Amino acid sequence: MSGKSTMLRTFRVIVMRDLTLAMRRRTDLLTTLFFFIIVVSLFPLGVGTEKAILRQIAPGIAWVAALLASMLALERLFAGDFQDGTLEQMLLAPQPLSVLVLAKVVAHWLLTGLPLVLIAPLVGLQYDLSAGSLGIMMLALLIGTPTLSLVGAIGAALTLGLRGGGVLLSLLVLPLYIPVLIYGAGAVSASVTSIADTQPYLMLLTGFMIFALVLAPWATAAALRISSE
Amino acid sequence: MSLSEFISMGGYGFYVWMSFGMTALLITAEVVYVKHQRKQILRRLQRMAQLNAEV
Amino acid sequence: MLSVSNITCSRGDRTLFRDLSFSVAPGDLLHLKGKNGSGKTTLLRSICGLFLQDSGEIHWNDTSIRNLGEDYFREVVYLGHHNGIKDDLTAEENLTIAAVLDGDETDEKQIRIALERIGLRGYDDLPTRVLSQGQKRRVALARLLLTKSPLWILDEPFTALDTSAIDLLQEIIREHIAADGMIIITTHQEVALTAGHAKQLELGN
Amino acid sequence: MSINWFKYSSPQTFYPLAGKMTPWFNWIAGILAVVGLYWGFFETPHILSEQKQYYRILFVHVPAAWMSMWLYLMMVGWAVVGLIFNTRLSFMMAASIAPSGAIFTFLTLWTGAFWGQTSWGTWWDWDPRMTSELILLFLYVGYMALQSAIDDTRRADRASALLALVGAICIPIIYWSVNCPDPNECTALHQQSSMSAVEPNIRIAWLIMVFSFWMYAFAIAFMRVRNVILERERNAAWVTELVGRKK
């Protein structure tokens with residue numbers, strides 16, 4: 001069994017494991033999604049339901065809500081495994097730890113990032129977004145949320161097992177989300193004028209994702225080793 | 001440059017002196033706090049040393 | 001062959017032990033003794049590479065475990081205070097995932113045999129959440145039957161086990177030592193060996 | 001004679017050294033500050049008369065901004081050294097630099113707001129550089145929060161060191177994305193820094209102030225690192241002996 005195929009097999013097994021675990025506790029899945037919906041639905045009540053304003057603030061609101069939702073779900077990424085000792089076994093597995101971490105982050109993204117993309121049409125409805133803008137928002141979320149999960153995993157690993165970890169996690173991770181927020185929301189607001197304008201934004205978001213894909217698993221693995229000494 | 005001119009700073013005295021004032025305040029506060037912290041640590045260590053000596 | 005040379009570990013600013021040296025050869029059972037808080041668990045964790053010792057070297061077949069990295073983990077199984085199983089997964093699923101993580105090729109049959117031997121026949125497709133504490137420990141111990149790693153590091157393996165499980169574990173340990181395996185164990189039980197040689201190491205001054 | 005760096009790398013030998021150097025740094029910082037301010041306030045009145053007097057805020061705003069960035073880099077430097085060489089003292093240095101860095105960042109924001117009110121008419125107008133300073137403040141606060149949230153000093157040091165490293169890697173990206181939110185026309189970055197348009201006299205003044213802040217940063221860092229050393233090495237024999245002597 002060459003190294004490559006065991007790594008792929010382990011990657012697949014860890015992703016499937018986390019998905020089955022999540023399926024067995026279905027309610028956890030919905031909390032992140034409903035948090036996003038509630039936050040997005042709150043703003044029109046606060047800001048007023050005048051169409052022009054809503055359309056103007058929609059990109060920022062959707063992205064800030066996506067940031068907060070994905071950040072809230074991060075705390076559970078390693079906490080369960082830390083408590084029952086499975087994280088230790090992963091640290092001791094003869095596989096590169098960053099591959100295992102990547103698998104967990106992919107599973108986490110499938111459970112929290114992807115639903116945000118799929119629920120975006122609801123935001124489009126509430127904020128009277130045009131079809132083009134809605135399409136761009138879904139695409140931007142699709143490219144942006146993996147970066148949020150990857151960078152957030154570093155924070156989750158650093159604050160493993162700490163009391164008040166959730167608030168601390170947001171303090172550590174939110175500043176690092178700022179570039180994704182700026183270009184994510186920027187893409188959607190640019191799509192109002194012309195779809196072609198959004199191309200550089202999406203390129204930048206893809207660049208961030210690749211950058212995070214390369215660096216974040218290594219940093220998270222290092223953080224896990226530090227946290228579970 | 002008379003004293004009153006110096007204070008008024010061409011009408012921007014408030015802004016200039018608020019900036020300099022906060023800088024001076026924070027720097028002195030930081031030094032005082034670190035010195036106070038040092039005294040506290042030394043006092044606590046001395047008390048612990050005595051306690052250990054007695055036991 | 002594991003050799004540890006003048007290792008020093010400290011937790012916070014308390015030095016647990018200093019310049020400890022010992023070695024474990026195939027067929028050895030090293031019994032770590034010492035009162036609670038004497039650093040037994042920290043020593044075990046630094047041997048298996050979870051804890052970075054302050055100074056000193058740990059070598060596996062004369063290469064430092066830091067350089068071996070993941071290859072060293074293939075040689076080691078660590079059973080700590082936690083069982084290392086997910087409560088929402090069934091015993092079978094837990095063992096399959098553990099085997100894949102260890103990089104071993106195990107199939108359904110081997111897992112079923114292991115579960116049967118460990119006394120969990122019929123429980124294998126129940127979520128481990130419903131099992132008792134002792135049964136959960138048995139699922140964790142079942143991993144020892146499946147692994148091919150020569151070096152076992154067991155931290156208080158006998159806790160929460162009933163008498164039949166204790167005898168079973170003693171038997172498994174004897175078999176592993178007889179098959180030239182190596183075990184480092186911390187426990188308050190006495191482990192009677194038929195083959196191989198038992199060593200003792202007292203920790204804490 | 002070759003300076004044996006590792007001689008001073010243990011907290012015990014570094015403690016007295018820091019103690020001896022601190023007064024020097026304090027004095028130099030004080031003298032430079034006096035010279036800088038005197039030069040800034042009294043040597044340049046005629047030049048400033050037709051320009052607004054509020055330029056003098058620069059004497060504090062610019063050094064503070066520089067220090068906030070340099071101290072973060074110093075902190076990351078010590079953190080990386082600590083992670084590589086596993087030397088406790090490097091982590092202690094990083095921990096003692098963070099508060100000063102945060103204070104300088106806050107000062108930059110405070111003086112920047114006053115500067116903004118005089119020259120742009122608003123206390124805060126999301127100017128890219130000021131926004132980056134605000135984010136830098138969040139990074140400092142995040143570092144210190146993580147450092148204090150973890151009880152085990154060993155894990156606290158290494159976790160916050162890794163956070164500082166990740167933060168340092170992200171800073172250029174954050175700074176760039178804040179400066180150029182619209183990639184289609186990205187002009188913000190070519191914005192001419194207002195420093196170069198300043199009279200040479202004024203620039204000399206705030207250069208002196210920059211050195212004075214540097215000296216002060218060293219002094220306060222060494223003072224704080226002595227506290228951190230005492231705190232963390234409290235069980236060490238030399239500390240109990242030192243405390244005994246200090247009765």
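From a predicted model like this one, the values you see are computed outputs, not experimental measurements. To find a chain, count down the sequence lines: A is the first, B the second, and so on, and within it residues start at 1.
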Sort by residue number and list every member of residues 208-215 of chain D having a non-hydrogen atom under 4.5 Å from chain B.
D/F213
If you look at every heavy atom in D/T118 and B/Y12, which pair is closest and at what distance?
CG2-CD2, 3.8 Å
Flag the pair B/W17 / D/F41 as yes when their ring centroid distance falls below 6.0 Å, and as no otherwise.
yes
Applying side-chain hydrogen bond (donor to acceptor under 3.5 Å, both in side chains), name anything that partners B/T28, two or more places apart in sequence or on another chain.
none
At a heavy-atom separation under 4.5 Å, does B/R43 approach chain D through its side chain, its backbone, both, or neither?
neither
Highest number of heavy-atom pairs under 4.5 Å with chain B among D/F106, D/F104, D/F114 belongs to D/F114
So the side chain to side chain donor-acceptor pair (under 3.5 Å) pairs with at least one residue in residues 15-30 of chain D (sequence neighbours excluded) are B/R38-D/Y15
Quick one, D/V60 with B/S19, criterion side chain to side chain contact (heavy atoms under 4.5 Å, CB included). Give me CA distance, side-chain angles, the key distance, then yes/no.
CA-CA 8 Å; D/V60 176; B/S19 314; 5.5 Å; no
Could you tell me whether D/R154 atom CZ has more than 12 heavy atoms of other residues or ligands within 6.0 Å of it?
yes
May I ask you to name which of D/L37, D/T111, D/V239, D/T240 has the most heavy-atom pairs under 4.5 Å with chain B?
D/T111
Of B/M48, B/M18, B/Q37, B/E30, the largest count of non-hydrogen pairs under 4.5 angstrom with chain D goes to B/E30
Rounded distance [0.5 Å steps], OH in B/Y15 versus CH2 in D/W115
13.5 Å
How long is the gap from CG on B/L45 to CG on D/L242, to the nearest 0.5 Å?
9.0 Å
CD1 on D/I103 to CG on B/L26, rounded to 0.5 Å
6.0 Å
Is B/I41 close to chain D through its backbone or its side chain, or both, or neither, when contacts mean heavy atoms under 4.5 Å?
side chain
Select all residues of residues 216-232 of chain D having any heavy atom within less than 4.5 Å of some heavy atom of chain B, and report them by number, or 'none'.
D/Y216, D/I220, D/M223, D/R224, D/R226, D/N227, D/L230, D/E231
Distance (rounded to the nearest 0.5 Å) between D/L107 CG and B/M22 CE
7.5 Å
